[in-house]
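Everything below concerns the one structure shown next.
A note on names: the letters A, B, ... follow the listed sequences, proteins ahead of strands, and every chain is numbered from 1. Everything quoted here is computed from the prediction, not taken from an experiment.
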2 protein chains.
Amino acid sequence: MGSPGRVGIKDVARLAHVSQGTVSNVLNHPDRVSQARREAVEQAIETLGFVRHEAARHLRAGHSSTVGLLLLDAWNPGFIDVARGVEDMTSARGLAVMISNSGRDIEREKTYLRLFSEGRVAGLIVVPHDEFADGLHRIRAGGVPVVVVDRAETGEHRMSVAVNDVAGGELAARHLIGLGHRHLAFVGDEGAAKPVHDRLTGVRKAVAETRTEANVEIRLDVLPADLTADAGRTVGEQLAAMPPGERPTAVTAAIDLLAFGVLQALLQHGLRVPEHMSLVGYDDIPFTRQLSVPLTTIRRPHYDMGTTAAEMLATTLSGKPPQPRHVVFEPELVVRDSTSRPSKPSRRKPR
Amino acid sequence: MGSPGRVGIKDVARLAHVSQGTVSNVLNHPDRVSQARREAVEQAIETLGFVRHEAARHLRAGHSSTVGLLLLDAWNPGFIDVARGVEDMTSARGLAVMISNSGRDIEREKTYLRLFSEGRVAGLIVVPHDEFADGLHRIRAGGVPVVVVDRAETGEHRMSVAVNDVAGGELAARHLIGLGHRHLAFVGDEGAAKPVHDRLTGVRKAVAETRTEANVEIRLDVLPADLTADAGRTVGEQLAAMPPGERPTAVTAAIDLLAFGVLQALLQHGLRVPEHMSLVGYDDIPFTRQLSVPLTTIRRPHYDMGTTAAEMLATTLSGKPPQPRHVVFEPELVVRDSTSRPSKPSRRKPR
DNA sequence: GCACACTCTTGAAACGTGTCAAGAGAGTTG
DNA sequence: CAACTCTCTTGACACGTTTCAAGAGTGTGC
């Protein structure tokens, strides 16, 4: 009935024979209003189909009660789990979340950041691209609390939730080295996002420490690739095309999605995993266990990262300083079927 | 510098020695302002770090320029593609999208719908749950254009984008029947969402028509299951436990995710796909081709559904009536490796 | 019957912007 | 120089809420 969009608090007041102030009190401080009036007002609201005008409340309040979530790349299932964690926690705390997705496009990221500023969101959770400190800096200067996810930060006035990806890279590499592999490859763009960089650092660290401690020389190749399954497929083909002596016996991928592609290409070219090549992913996204060869991978607690970030933000918004301000999760090695001891191509040829 | 949250148009006006109206014109109608003043104002905006107050503009304008996208289930990769389509199209048209995700929870769906109403979004794209016509009805009555996705509607004052899932069910069943299967099973909850119901209807139609036209009797079992990979795994175990004579020779799943689970369980129990059992998915989500057995499935154009819905909405918002108001996409059979002719258990036992 | 306490209610002000009618200048024409 | 046109600029108002000081009403105690 009627057009709810045009019904205001004063229409309700008129119908219920009370003042605007009373209607407002019914909505925001019901205890201050006598039962009789409250019921009259509620009746009038129902009759008119009145809907609060969020913008007006917001204008009066000076800030909204919405929290922004800016995702780097919503197609990556890992980040969806982050979003799920954020949503579950904020909805439990009575906050609304506005999600947007930059799709690894730095321009869009800026646009959305501006939108969030203009919308005067109460707080912001960001899974950021790399070089965009300036945008974040500005919004922080405006007094909006920001939690950065997947990038370790420090400082009394900042908040962050991250994963120790150096340790993750180490886990992956040590697992392979422990199985006897001496020729490794890391698939992923070295110049890409910080987390990817860290994983490679971890792998290098493991390689270097093996050299010093056990006096075993490990060869490590870095195969650059975008962070998509398609790019993985290309790398897989490169690997398949190498002469067996030159080919690494084990591959660590920067993210599971990449490993998916590598796996697919290897199998297509007749190479068996793990017999001819061991493969380690990274993230443990839900599909990892359902692949043709369930993937050994490094698990990151995406959902918990989301809830943790949301909780920090909610605590800040309620006025208390969150404790701690920086959380770093430790990743975990999950061994499935894609890794094994290397075959010995010198003695027994794989056909 | 300073706190941008507290800088208003009048501070800018004071610094630039102009009136508020002129600042507003610089922001909204730059052509009405002389170059000299414009530059002074722009300078002042820069100096003060002024950020427009969205809520105030919104209040003045009466409606926001944000579009709401309410997703039924953002964990399903298919819906993520819908979101991607919506985002790409709306951002090309200069609209901002606010995404929220009900996670198949009808209470959350209502909450978000209320939030969108209160936020006076310019328009809404909804992938709805089933029984919640009332909420949508109210918001439509308020004059907010709504596009419903994945549910065919009719009527001059409505808009919808859907897929002919009856045809999709038929495609799947005819493919299997054509291969020679005479005992089929449909996995999915009959009482679930409309699209699932339609798929089953399509399967039944194909079965019935085969009976009338070719006089061939097809047996069809319906195995209820939630729409998750886990539920699929349970069904797969049930199937594996059946005596071979009782077991259907081919299975159609309501969605790919379910088929993933079924596949995994079957393989784990030593049944081969497609030799011992053919399997058809539904959706063609990106991981489908990377499974241990790449899945034959019914492709739905999720991304295009998103762009189409967004375009309809954008057209409506720009004042023109969209043409047409209801779009139904036809699904497509994608044959991969999970389907083949049935083995003949009566003559040759599977070992 | 007066003072006081207490509970509800009221009406106006303020939040920051966009709009619009009216006005100020500057230039042009007769 | 007056009359007119045209381009910019101005300042007040409205949008729909919440808040808050002040007022109205109702008991209660002496």
Exercise for the section: Rounded to the nearest angstrom, tell me the gap between atom NE2 in A:His17 and atom C1' in C:dC8. Expected result: 18 Å

Practice task
Taking only Lys NZ, Arg NE, NH1 and NH2, and the carboxylate oxygens of Asp or Glu, determine whether B:Asp150 and B:Arg300 approach each other closer than 4.0 Å.
Solution key: yes

Problem - Residues in side-chain contact (heavy atoms from CB on, under 4.5 Å) contact with B:Ala83, at least two apart in sequence or another chain - result: B:Leu69, B:Leu71

Practice task
Write down the distance between CD1 (A:Ile45) and C1' (D:dT17), rounded to a whole number of angstrom.
Solution key: 13 Å

Fill in the blank from the handout: Per-nucleotide protein contact along nucleotides 21-27 of chain C, 5' to 3', at a 4.0 Å heavy-atom cut-off (B base, S sugar-phosphate only, - neither), is -------

Fill in the blank from the handout: Here the pair of heavy atoms bringing A:Met312 nearest to A:His326 is CE-N, 4.0 Å

Fill in the blank from the handout: Here the distance between atom P of C:dT17 and atom CG of B:Leu59, to the nearest Å, is 12 Å

Exercise for the section: Starting at atom CD1 of B:Ile9, determine the distance to atom P of C:dT19, rounded to an integer number of angstrom. Expected result: 11 Å

Problem - Whole-Å distance separating the CZ atom of B:Arg14 from the P atom of D:dG11 - result: 13 Å

Exercise for the section: May I ask you to say whether A:Arg108 pairs ionically with B:Asp88, meaning some side-chain N is under 4.0 Å from a carboxylate O? Expected result: yes

Practice task
Please determine, for the side chain of A:Ala56, which listed nucleotide (C:dC15, C:dT17, D:dT17) has the closest atom?
Solution key: D:dT17

Exercise for the section: Determine: side-chain N/O of B:Ser34 to OP1/OP2 of D:dT7, distance under 4.0 Å, yes or no. Expected result: no

Practice task
State whether A:Arg37 places a side-chain N or O below 4.0 Å from either non-bridging phosphate oxygen (OP1 or OP2) of C:dT9.
Solution key: yes

Handout entry: Exercise: identify the closest heavy-atom pair between A:Ala122 and A:Leu317
Key = O-CD2, 3.3 Å

Problem - Between C1' of D:dT17 and CZ of A:Phe50, the distance in whole Å - result: 8 Å

Practice task
Inspect the contact between B:Arg158 and B:Glu153 and indicate whether a charged nitrogen and a carboxylate oxygen are less than 4.0 angstrom apart.
Solution key: yes

Fill in the blank from the handout: From CZ of B:Arg32 across to C1' of C:dG18 the rounded distance in Å is 10 Å

Practice task
Please tell me which of the listed nucleotides, C:dT10, D:dT10, D:dT17, lies nearest to the side chain of A:Arg60?
Solution key: D:dT17

Problem - Under the side-chain contact (heavy atoms from CB on, under 4.5 Å) test, residues paired with B:Glu46 that sit two or more places apart - result: A:Arg138

Fill in the blank from the handout: What residues 22-29 of chain A contributes to the DNA chain C interface at heavy-atom separation below 4.0 Å is A:Thr22

Fill in the blank from the handout: Quick note, A:Gln20 side chain, CB onward, closest among C:dG16, D:dG11, D:dT17 is D:dT17

Handout entry: Phosphate OP1/OP2 of D:dT18: any A:Arg57 side-chain N/O under 4.0 Å
Key = yes

Problem - Pairs satisfying ring-ring contact (aromatic ring centres under 6.0 Å, His included), at least one member in residues 55-74 of chain B, at least two apart - result: A:His53-B:His58

Problem - Spacing between B:Asp11 atom CG and C:dG16 atom C1', to the nearest angstrom - result: 10 Å

Would you be so kind as to tabulate the donor-acceptor pairs closer than 3.5 Å made by side chains of residues 15-22 of chain A, with sequence neighbours excluded?
residue	atom	partner	partner atom	Å
A:Ser19	OG	A:Gly21	N	3.4
A:Ser19	OG	A:Thr22	N	3.4
A:Ser19	OG	A:Thr22	OG1	3.3

Exercise for the section: Would you confirm whether A:Arg151, through its side chain, and A:Ser160, through its main-chain N or O, come within 3.5 Å as a donor-acceptor pair? Expected result: no

Problem - Upstream residue (5' side of DNA chain D) when B:Asp31 and B:Ala61 are each assigned their closest nucleotide - result: B:Asp31

Handout entry: Under 4.0 angstrom between A:Arg52 side-chain N/O and D:dG16 OP1 or OP2
Key = no

